[in-house]
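Convention: sequence-line order gives letters A, B, ...; per-chain numbering from 1.
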Amino acid sequence: MKNKMIKEYTRIQNGLFAKVSLENNFKMEEILRIAGVDIAYWEEKGFHYGTCCIVVINFRTKIVIEQSTSNGEITVPYIPGFLAFRELPLVMEAVEKLTMDPDLYMFDGNGYLHYRHMGLATHASFYLNKPTIGVAKNYLKIENTPFVMPENETGAFTDIRIGQEIYGRVLRTAKDVKPIFVSSGNWIDLATSTEVVMACINENSRLPIPVRLADIETRLARRNLISK
DNA sequence: GCGACAG
DNA sequence: ATCTTGTCGC
């Protein structure tokens, strides 16, 4: 038996508590479709808008099999540590437009790597009821704990831990690129999260394919929504 | 007032 | 996140 991972009860919203699991509730062979989620923002006449794109790929072939978009006014401000409250409305709207049910979701943001263990990827999992992974491009410092830069080699990583608890991982997805910050969202462990992320890296980007494609689609969608 | 700050 | 040209480096 491997170490029993920590399970925590964390308050995610006024009186609402949720249990986060850092154990896989699936087998790797069952992961066939992976969704990448991202949002792009813009401002018009003092109003803030956003467009969310979800791109689903076949985990084996890495081919895009479906995508959906949602857009609308964004009324919740960005507050470090509360990103989910700002992004979830559009995310869920786009999720409902999908015809297929992805086996796993990857987010542009943190999961367990968060001072309440409740980053976007983790918070979203309770609405998706699917395993999620958090992939952030920058580090949101926790308890004044800096991260250790991993070696400059593909796959090199260092873990971000406080006390005996590992929050997330600084992962160098390729040589000579900025590392990314990977963490479990829910129902998946950090080792598996890392494995899935690395399996989604190609020579075109330091970000895993699903998130990278969602990022690209999101900008294209915005271009068409704004007459610029 | 100053610094921090996922997206 | 977004606003943006040139420019340093391979």
Exercise. State which of dT2(C), dG7(B), dA6(B) makes the closest approach to the side chain of A40(A).
Key: dT2(C)
Self-check item: Crowding at CZ, F17(A) (>12 non-hydrogen neighbours, <6.0 Å)
Solution: yes
Quiz item: Within less than 4.0 Å of OP1 or OP2 of dG7(B), is there a side-chain N or O belonging to K137(A)?
Solution: yes
Quiz item: Between Y78(A) and E87(A), do the side chains contain an N or O donor and an N or O acceptor separated by less than 3.5 Å?
Solution: no
Quiz item: Quick one: Y115(A) OH to dA6(B) P, roughly how many Å, whole number?
Solution: 12 Å
Quiz item: When we call it a touch if two heavy atoms are under 4.0 Å apart, what does G134(A) touch: a base, just sugar-phosphate, or nothing?
Solution: nothing
Practice problem: Would you classify N110(A) as touching base, sugar-phosphate or nothing, given that sugar-phosphate means primed atoms plus P, OP1 and OP2, and contacts are heavy atoms under 4.0 Å? | Solution: base
Quiz item: Does Y139(A) put a side-chain nitrogen or oxygen below 4.0 Å from OP1 or OP2 of dA6(B)?
Solution: no
Quiz item: Does OP1 or OP2 of dT2(C) have a side-chain N or O of R222(A) closer than 4.0 Å?
Solution: yes
Quiz item: What nucleotide among dC5(B), dA6(B), dG7(B) has an atom nearest to a side-chain atom of P80(A)?
Solution: dC5(B)
Quiz item: Is the phosphate of dA6(B), meaning OP1 or OP2, less than 4.0 Å from a side-chain N or O of K141(A)?
Solution: no
Quiz item: Is it true that the side chains of N24(A) and T192(A) contain a donor and an acceptor less than 3.5 Å apart?
Solution: yes
Quiz item: Would you say N138(A) reaches dG7(B)'s phosphate, i.e. side-chain N/O to OP1/OP2 under 4.0 Å?
Solution: yes
Quiz item: Base, sugar-phosphate, or nothing for F85(A), non-hydrogen atoms under 4.0 angstrom?
Solution: nothing
Self-check item: F181(A) over dA6(B), stacked by centroid distance under 5.5 Å, angle under 30°
Solution: no
Self-check item: Distance between C1' atoms of dC5(B) and dT2(C) (Å, rounded)
Solution: 15 Å
Quiz item: Base, sugar-phosphate, or nothing for Y78(A), non-hydrogen atoms under 4.0 angstrom?
Solution: base
Quiz item: Once the angle between the rings of F181(A) and F147(A) is folded into 0 to 90°, is it parallel (under 30°), tilted (30 to 60°) or perpendicular (over 60°)?
Solution: perpendicular
